[in-house]
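Right, one structure below, let's go through it.
Since we're looking at a predicted model, the values are computed, not measured.
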Amino acid sequence: MDYQFKDIEQKWQQFWAENQTFKADNNSAKPKYYVLDMFPYPSGAGLHVGHPLGYIASDIFARYKRLRGFNVLHPMGYDSFGLPAEQYAIQTGQHPAITTETNIATYRRQLDQIGFSFDWSREVRTSSPDFYKWTQWIFMQLFNSWYNKTADKAESIDKLVAYFEKNGSSGINAVCDEDIKTFTAAEWKAMSNNDQQEELLKYRLTYLRESTVNWCAALGTVLANDEVKDGFSERGGYPVEQKKMMQWSMRITAYAERLLQGLDTIDWPEPLKEMQRNWIGKSVGASVKFPIEASPKSSPKERTSNETGNNSLSPGEGLGEAIEVFTTRVDTIFGVTFLVLAPEHELVPSLTTPEQKATVDAYIAQSKKKSELDRMADTKTVSGAFTGSYVVNPVNNERVPLYIADYVLAGYGTGAVMAVPSGDQRDYLFAKHFDLPIIPIIDIQKIETEADPTKEGTYINSDFMNGLNYKDGTAKVIEFLEGKGAGKAKVNFRMRDAIFGRQRYWGEPVPVYFKDNLPHLIDEKDLPLLLPEIDKYLPTETGEPPLGRATGWNYKPHPNPPREGGLKEHVGAYRETADPVYYEQLKEFSRDNRKQPTEAENILWQLLRNNQTGFKIRRQHAIDQFIADFVSLEKGLVIELDGHHHKLNKEADDLRTEILNHLGFDVIRFSNDEVLKSPEKVADIIKQNLISLPERKKVSPTGGDLEGAAFEYELSTMPGWAGSSFYWYRYMDPKNDKEFASKKAIAYWKDVDLYIGGSEHATGHLLYSRFWNKFLKDMNLVVEEEPFKKLINQGMIQGRSNFVYRLIDDEGRGTNTFVSHGLIKQYKTYELHVDVNIVENDILDINKFKQWRDDFKDAEFILENGKYVCGVEIEKMSKSKFNVVNPDDLIAKYGADTLRMYEMFLGPLEQSKPWNTNGIEGVFKFLRKFWKLFHDEQFNFRVSEDAPTKAELKSLHKIIRKVEEDVDRFSFNTSVSSFMIAVNELTDLKCNKRAILQDLVIVLSSYAPHICEELWVLLGKEAGTLSYAAYPKFNPEYLVEDEFAYPISINGKMKMNLNISLSLDPPAIESTVIANADVQKYLDGKSPKKVIVVKGRIVNIVV
RNA sequence: GCUCGGGUGGUGGAACUGGUAGACACGCAGGACUUAAAAUCCUGUUCGCCUUAAAGCGAGUGCGGGUUCGAUUCCCGCCCCGAGUACCA
C-alpha cells in the first residue's frame, strides 16, 4: 500500500494512548531527563501553526533521549486561570470554568493529533482545586517567612519572633519595609498581639501594604510591572494609571542579588539573561544625606553664610531632616549645584516656601496631568520648579537649592537626585535652563556644550579629592561621608516587589482572612480555599473585587485549642475574637426592638413565625454590627422592612447590604406600605426566595447563638503567574494530596533539564519561577537553586498575509473588480486582506474567492498571464488579518509526521520567521520516498536480508552521527535536510536491506514517529517497542575514505579537484599536486612560491 | 539613546573550531510517461561575459577597510532590519 498517513497516524496515536507508552516512572535505575514546554493558556482560538513549533522540538528531543536510555519526564498541562475566559464570562455570563474546559478540549484534540509523546497521566491545570491548593500552600509558606540577610536565605517567621522576644529589634538584618519600629525585647513582649502582627507583616515575604500600583480601570484590576507596556496593559492595550492601593506583594527584592548571580550558572539565551539583568537593574553607588537648611519658611536672604553652617543639621538625626539621594557617581559630589526631587516626593509640600507655593503647585498639577506616555516621549523639554528651600552639601557645607522636576522618578532610588550638571546631561540641560552654576570637577572634562561623564583624569575643585583619580577619589569620599554619618556605599536595585493581587474572579483565592483589619492565614486543613460561585463577574457596586459578590463566603477560624461541645464551642470562638461588650449591647437593642414592633413588622411576623414558610425565621436578630428585621439563618436570607425615612438613608443601607452579603446573607427589602397593603403577597415572595436559595455554606459563629459575624476573606485573587511559578514540580508527583510533590519525587527529578518556550516570559514567569524556586530551596522543599538548567526560546512564527487589490472608480468608490498585484501601478486600487487558505503560492483561487464572501460572488478580475497574483506582507498571525494557518488543515492534507518535519525544516528553532506553507510538499515527498524504500513498485512490503554494501553503511552512519550532533545542539532543521540526503542516497542505491533500514527507522522515529512505528511493526518488531529501542551506535569506520578529492586552489581561488590517497603525507601530496599536468597548466610556467597543504582538506598554491 | 540578535540566489535556508559558498527543499524552465490532467521521474537553475557545444573567464555572502597562503567565519569603521529597554541618578 502507498503511504496512508491518515490510517497510520490515527492507529498509533490510539495505541500510545491505550498503552500509556510514554508514562514516566518515578522509580527508575535509568538516568533522568526532564523536558518541559511552557504550558499554554487555553485560549478560545485554539492552536495555530506557531504554537506547536516548540512542542515539536521538545518532543523530538524527548523521544531522542528515550532512545538514548534516559527516563524521560515530558509532561503537558494548562495555565488555565486568566483574563480572557473572564472577559468572555463578563460578556456572555458563561462561567469561566466552562469556557476553559471547552478550550482545553480543543487544545487536547489538536495536541493529540500531532503525535506528541506527553505523559498525559501527569496533566495539571492551574485552575483545578487540587492544583491551586498548593499554590495557596506556597503562598502561606511565604507569608510565614522572612528574609535573613545575614544567613542570606529565607527563614521561618517563628525564628524572627523568637529573636524579637530575646533581643528586640536590634541587630536584625532583614529585607523588610522601611517603616519598621525599633524596640527592646521587653517592649516587644508588651505589645498587643495585633501590634506584633502589624509589625511582623513588614517582614513577611508576602505582605499587605499600601503601594503605588498600576491600575487598569478598563480591566478593573492592578497589573504587575511586566504586564504594562508603555503605559498600556499588555493584554488589551488599555490605559494604565498609577494609584495607591492596599495590595498583596511578594518580597522578590529580597532575592535580587541571588537572581542576578544565578544567571551566570544557567544555560539560557544571552538576550534573555540580559533582559533579566536589566529588570533587576543593579547599580552600585552611594546614598548621601543632604541636611535640610533649617526653617525653610524664612527667606534665605535673612541669613548669613555663617549661620548656614551652624544651622546645618548633623546628618542622620532622623527622617525628614535630610534628603537622601542615591548616586552612582558619588565622586562628583563637589560638582553638585542643586538637588532635584520627584514632584510626588513626600517632602515636597513641607519644603515649599510660601513664596514658591503657587509655582510648585502649578508644576505638580501640570506634571500629574501629563500621562506616563507623554512624560516618556517628551524627554527634550526641560521643566521643573524651585521649592524655595535649600539643603547643605555634606562635603563642603555649600547651600544647594532644591528643585522639583519630573525627570526624577518617584519610584527609583529615593526619588531624589543630587544634580551634577558638569557630569550628567539631564542635569546640564536643567542647569542651563534655570541658570544654575556648572562646576567642572575633573581636569580633562569638556563641558562647553554638554555634560562630560568621564571617569578619566583627576579631580579639581574638589577639596580633599583634588588630584586623585576615579578609584581613589570614590573610596576617599565614601570614607569621608561614612565618618561624618552623611552617607555610605549602597547598592540599589531597579526591581520592585511584585504586586500579588488582582481584582479579578478567575484566579486562585488568597488563603487569608481579616481580623481587626489584619490579615491572617486560614488553617492549612482548610486548603484548598475554593473559588466561590458569584452571580456576575464584575466588581461590586462599591468597587470591591468580584469575590465580594460571593454569598456566604467567610472564614470561620478554628477554635484554639479545639473544644468539644457544639454550640458553646462556637460561642467561645466568637468571644475570643469579637468585641463581647458591643455584642451584648446589640443583643439588648434587639430585645428592646422585639418588644416594640412597628405595625408592618408585626403583621409580617404573624405570617412568618413558627416555620409557616417552611423555614425558621428570627426577628430583630443581631448579625455582626447590625440588627436584621427578619432573618433565616439556615438560608442566609435577611428581610428588611423600610419606613419612609429609609429613603434618606440609602447609602448607609447599601453599605449594610454589602456587609451582610460578605457575611453570606442575601438581603431583600420591602417597604412598610407593601406589607400593609398585601402581607400575604410579601410572605409568599419571601417563601419563594427561601426555597430557591441554597443552604448557607458556612455557618459562622457569633455570640448568642451560632450565627452572625465571621471573618472576611481577602477578595483579590492571585495573579496569572502564581500557578506557573512552581508547576514543574507538580508534574513530578501530580496526584499527591499530602505535598505539592513528594520529597522522593523531587530528589529524583530535581530540576528541568530542558525548557522550551517563548521569550515573552523573560521578565514575568521566568523571573518569578526562579524566585519561588529559590524560596522553596531555602525552605528545604526542593533541591536545586535554579529550576531550569537549559532554556531555549523558540522563535515567533509570524503570519504571511495575502492581499487583493480592489479597483476604485472615478468617484472614489470601491468596485467589484480586482487587479492582479503586478498591475496595480496602472490602476487606482486599495488593498484588502484575503484569506491565505484560498491562496496558493500567492496565486488566488478565483472560484474560492467568489465563494469566500457574498459580496465577491460576482467579482471580476484583471489578470496577468491568466493568473491573479496576490500581494504579500509579513504581519502578526491573527484572525483579523486572515493569515492564520491552522495545523488541523495541514494535518488533514499531509499528516502529522509531515507537519512535524516541516515545522523543523523551516529554519533554526530560535529564529523568528514568517509561516509559509510553500515547502511542505518537499517534506511530504520525502516521507513517501522513505516509505518506498521498504516497498516494491506495487507497494508490497519487501525488505532484503542481504548484507549491506559499504556505500549503504556510509549513508546510514552519516545520518546516525548527524542526528546525534544536531539534536545535541538543537539544530533540528539541518537534520531534516540530512534525512532527505540519506533517503535520496539509499534510493539511488536501491537499498531495501533490513540491516540499513531498521536502524534508519529508529533514527527517524523521533522526528516522524507514526510512519516509523508502522514500518517497525512491518519489520516484524513488537508494537510499541520502538520508543524505547536503542539508538544505533555510530561507527566512524564506515565513513573512512581511501581517497579525498582535494580542492586545489591557486592564490586562494579554487581551480580544480584532485583525487589523492588519504594515506599520503603533506609533502607527498605537494609533490603529487605539483607533478599533475592540469596543475602545471594553471601554473602557466610560473613556479609556486609556497604550497599550503592541509591534510584531508585543501591544497593552496601561492604563485 | 543604550543592550542583544540578524543581513548569504527568485524563496526558506546550509557551510563543523578560518579551508571547495549556495547543501537540502520550494519555486521556475525544459523534458519523459499520458488522449489529457494529476501524480511520478529526469535535466537545468548565484549573477555577468564568451561559446554551436564541450569548456572557459570574471564577479559574488549589507557597505568600506584590515589580518591571513586562504575570510560568510576573525578585527576596525559604517549602513540597514528585528527584539528588548529607556529621563534608572
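- Rounding to whole angstrom units, CH2 of residue A/Trp915 and C1' of B/rC26 are separated by 13 Å.
- The pair A/Glu985-A/Lys954 does not count as a salt bridge, with every side-chain nitrogen at least 4.0 angstrom from each carboxylate oxygen.
- To the nearest angstrom, P of B/rA38 lies 15 Å from NZ of A/Lys893.
- Mapped onto RNA chain B by nearest heavy atom, A/Lys1055 and A/Ile1098 fall at different nucleotides, with A/Ile1098 at the one closer to the 5' end.
- As judged by a 4.0 angstrom heavy-atom cut-off over every strand, A/Val1102 is placed among residues touching the sugar-phosphate backbone only.
- The nearest whole Å value for the distance from the CG atom in A/Asn984 to the C1' atom in B/rA25 is 10 Å.
- Across B/rC33 and B/rA25, the matching P atoms stand 25 Å from one another, rounded to whole Å.
- Among A/Thr332, A/Thr327, A/Asp331, the one residue that satisfies the side-chain hydrogen bond (donor to acceptor under 3.5 Å, both in side chains) test with A/Arg329 is A/Asp331.
- Using a 4.0 Å cut-off between charged nitrogen and carboxylate oxygen, A/Lys273 and A/Asp264 do not count as a salt-bridge pair.
- Phosphate contact (OP1/OP2 of B/rC88, side-chain N/O of A/Asn278, threshold under 4.0 Å): absent.
- Toward the 5′ end of RNA chain B lies the nearest nucleotide of A/Lys929, the other residue of the pair A/Lys929 and A/Ser759 mapping further downstream.
- B/rC69 atom C1' lies 5 Å from atom CG of A/Asn1100, rounded to whole Å.
- What separates CZ of A/Phe926 from C1' of B/rA23 is a distance of 15 Å, to the nearest Å.
- Using a 30° and 60° split on the angle between ring planes, A/His935 and A/Phe939 fall in the tilted class, from 30° to 60°.
- Taking the P atom of each, B/rA21 and B/rU61 are spaced 12 Å apart, rounded to whole Å.
- Spacing between B/rG9 and B/rU46 at atom C1', rounded to whole Å, works out to 5 Å.
- The pair A/Glu274-A/Arg277 counts as a salt bridge, with a side-chain nitrogen and a carboxylate oxygen less than 4.0 angstrom apart.
- Out of B/rA25, B/rC69, B/rU85, the shortest distance to the side chain of A/Arg494 is found at B/rU85.
- Using a 4.5 Å heavy-atom threshold, the side chains of A/Val836 and A/Thr917 count as separate.
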- Pairing string of RNA chain B (Watson-Crick or G-U wobble, both atom distances under 3.5 Å; | = paired to other strand) is (((((((..(((......[....)))((((((.......))))))((((......))))..(((((..]....))))))))))))....
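- Rounded to whole Å, the P atom of B/rG5 lies 16 Å from the corresponding atom of B/rG77.
- With its glycosidic angle more than 90° from 0, B/rG31 adopts the anti conformation.
- Inter-residue side-chain proximity for A/Met418 and A/Ile323 is flagged as unmet; no heavy-atom pair is nearer than 4.5 Å.
- At whole-Å resolution of the value, NZ in A/Lys990 and C1' in B/rC41 are 12 Å apart.
- Note on ring orientation: taking the six-membered ring where Trp is involved, the planes of A/Trp931 and A/Tyr3 are tilted (angle from 30° to 60°).
- When heavy atoms are screened at a 4.0 angstrom cut-off, A/Met1054 is found touching base atoms of the nucleic acid.
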- Task: Can you check each nucleotide of nucleotides 4-14 of chain B against protein heavy atoms at under 4.0 Å and return B for base, S for sugar-phosphate only, - for none, in 5' to 3' order?
- Result: S-------BSS
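- Comparing the C1' positions of B/rU51 and B/rG62 gives a spacing of 34 Å, expressed to the nearest Å.
- Here the side chains of A/Ile1011 and A/Phe5 are not in contact, with every heavy-atom distance at 4.5 Å or above.
- Separating the C1' atom of B/rA39 from that of B/rA32 is a span of 14 Å, rounded to the nearest Å.
- Under the 6.0 Å cut-off for aromatic ring centres, A/Phe338 and A/Phe434 do not qualify, their centroids lying 6.0 Å or more apart.
- Which of B/rU20, B/rU17, B/rA39 sits closest to the side chain of A/Arg1097 comes down to B/rU17.
- Side chains of A/Ile447 and A/Glu450 form no contact here, defined as non-hydrogen atoms less than 4.5 Å apart.
- In this entry the distance linking CZ of A/Phe430 with P of B/rA89 reads 18 Å, nearest Å.
- In this structure, A/Lys925 places its NZ atom 10 Å from C1' of B/rA39, rounding to the nearest Å.
- A close approach under 4.0 Å does occur between a side-chain nitrogen or oxygen of A/Arg426 and OP1 or OP2 of B/rC88.
- Nucleic acid contact for A/Ile981: sugar-phosphate only, since backbone atoms but no base atoms lie under 4.0 Å from a heavy atom of the residue.
- Across the P atoms, B/rC87 and B/rG7 are found 31 Å apart, a figure rounded to whole Å.
- Distance check on atom C1': B/rG60 versus B/rC2 gives 35 Å, rounded to whole Å.
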